[in-house]
Amino acid sequence: MIPTALPARPATLTATTAAALAALLALTGCSPDGSGKDAKGDGSATAQPGSALAAVASLPVKGRAPKTGYARNRFGSAWADTDGNGCGTRDDILKRDLRAPSFRGGDCVVVAGTLEKDPYTGESVRYRRGSSKVDIDHVVALSDAWQKGAAKWPARKRIALANDPLNLIAVDASANRQKSDGDAATWLPAYKGYRCTYVAHQVAVKKKYGLWVTQGERDAMRKVLDTCPQEKLPGGGSPTEAPARFSAK
């Protein structure tokens, strides 16, 4: 017996399926290629409340101001103990970021430890005081902050920014020096696995202190955060004004 041919699938079924898929994509904010971006490709449809991507839109956009008048001492003495715990800020960050730190004369002066996975290179870096390959980096460089609002601040606010744990991280020294005072438009960590966290911290610091961004910088921030739209905006750190006992030129 010759088998009876199966009936052709109704065209209406295909149309119904396509319509359902389109509705699902609209609800989830996903694109057909799974990128999570909206049709414009700017990630705005997937930015959730509390995410770093959503916070980028709140940053004011202006041109970069002149660097005239900038000096490190405009942000106070390096690594001032603004939190009053008896340890300088540099040692506070080393204790936080190094694995198995060892100390000299108590639990404050860090003399050795390991940066198990450097955020900027992804490599393990050994820290030894006096001959270290580890720097403490300002995620938002102080020079960059100066050119984007900090030049007009009172001294105690600049001191607070320079010592805020939210803006500080232990990193490979050579990578830090390559970064210099770059923003997101001019420098990103070579280790791509940290880029979302890095940019999220820059957004958080600039939002917390009321710093502005350039148009190119904001575009670069969005480009990175479009790849991780659920990345949370970090919080915490120090108050935005150092105690009255601190001063700067």
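Worth knowing before you read on, the calculation uses all heavy atoms, side chains too, and leaves out hydrogens, waters and symmetry mates. Residue numbers run from 1 in the order of the sequence given.
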So which atom in [X] and which in [Y] form the shortest heavy-atom distance, rounded to 0.1 Å?
X      : Y      : answer
Arg72  : Gly76  : NH1-O, 3.1 Å
Glu231 : Thr197 : OE2-OG1, 3.6 Å
Arg90  : Val134 : NH2-O, 3.7 Å
Met221 : Ala184 : CG-CB, 4.0 Å
Pro234 : Leu166 : CB-CD1, 4.0 Å
Val56  : Arg218 : CG1-CG, 3.4 Å

Quiz item: Less than 6.0 Å separating the ring centroids of Trp146 and His138?
Solution: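 Between Trp146 and His138, the centre distance exceeds or equals 6.0 Å.
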Quiz item: salt bridge (Lys or Arg N to Asp or Glu O under 4.0 Å) with Lys207: which residues, sequence neighbours excluded?
Solution: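 By the salt bridge (Lys or Arg N to Asp or Glu O under 4.0 Å) rule, Lys207 matches no residue at all.
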Does the side chain of [Y] come within less than 4.5 Å of [X]'s, by heavy atoms?
X      : Y      : result
Leu53  : Asp226 : yes
Asp144 : Arg64  : yes
Gln48  : Pro229 : no
Val140 : Tyr209 : no
Ile159 : Thr82  : yes

Quiz item: Which class fits the ring pair Tyr120 and Tyr198: parallel under 30°, tilted 30 to 60°, perpendicular over 60°?
Solution: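 It falls in the perpendicular class, over 60°.
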Reported [atom1]-to-[atom2] distance for the pair [X] and [Y], which is rounded to 0.5 angstrom:
X      : Y      : atom1 : atom2 : value
Leu225 : Arg195 : CG    : CZ    : 12.5 Å
Asn163 : Ser77  : CG    : OG    : 9.0 Å
Leu211 : Gln202 : CG    : CD    : 11.0 Å
Leu161 : Leu142 : CG    : CG    : 6.0 Å
Phe75  : Arg158 : CZ    : CZ    : 6.5 Å
Asn176 : Asp137 : CG    : CG    : 4.0 Å

Which pairs would a plain distance check flag for residues 238-249, meaning a side-chain donor or acceptor within less than 3.5 Å of a matching protein atom at least two apart in sequence or in another chain?
unit_1	atom_1	unit_2	atom_2	d
Glu241	OE1	Arg156	NH2	3.1
Arg245	NH2	Asp81	O	3.3

Consider only side-chain N and O atoms of [X] and [Y], and report whether a donor and an acceptor are under 3.5 Å apart.
X      : Y      : answer
Gln178 : Ser174 : no
Asp92  : Thr89  : no
Tyr194 : Lys117 : no

Could you check whether any side-chain N or O of [X] sits under 3.5 Å from a backbone N or O of [Y], counting only pairs where one atom can act as donor and the other as acceptor?
X      : Y      : result
Asp219 : Arg222 : no
Ser180 : Arg177 : no
Asp118 : Thr121 : yes

Quiz item: What residue pairs, at least two apart or across chains, pass salt bridge (charged side-chain N to carboxylate O under 4.0 Å, His left out) with a residue in residues 160-175?
Solution: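 Residue pairs with at least one partner in residues 160-175: Asp164-Lys208.
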Self-check item: Summary of salt bridge (charged side-chain N to carboxylate O under 4.0 Å, His left out) pairs that have at least one residue in residues 120-132, sequence neighbours excluded
Solution: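 Sorted result for residues 120-132: Asp91-Arg129.
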Hydrophobic clusters here meaning ILVMFWY residues chained together by side-chain heavy-atom distances under 4.5 Å, can you tell me if [X] and [Y] are in one?
X      : Y      : result
Trp187 : Val171 : yes
Leu115 : Ile169 : no
Leu59  : Trp153 : no

Quiz prompt | Pairing residues for Pro60 by the side chain to side chain contact (heavy atoms under 4.5 Å, CB included) criterion, not counting sequence neighbours | solution =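 Counting only residues at least two positions away or on another chain, Pro60 forms a side chain to side chain contact (heavy atoms under 4.5 Å, CB included) with Trp212.
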Side-chain atoms of residues 95-110: list all donor-acceptor pairs with protein atoms under 3.5 Å, sequence neighbours left out, distances to 0.1 Å.
unit_1	atom_1	unit_2	atom_2	d
Lys95	NZ	Asp107	O	3.1
Arg96	NH1	Pro165	O	3.1
Arg96	NH2	Leu168	O	2.6
Asp97	OD2	Ala170	N	2.9
Arg99	NE	Glu116	OE2	3.1

Practice problem: Determine, for Glu217 against Lys148, whether the closest basic-nitrogen to carboxylate-oxygen distance falls under 4.0 angstrom. | Solution: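 The answer is yes: the pair qualifies as a salt bridge.
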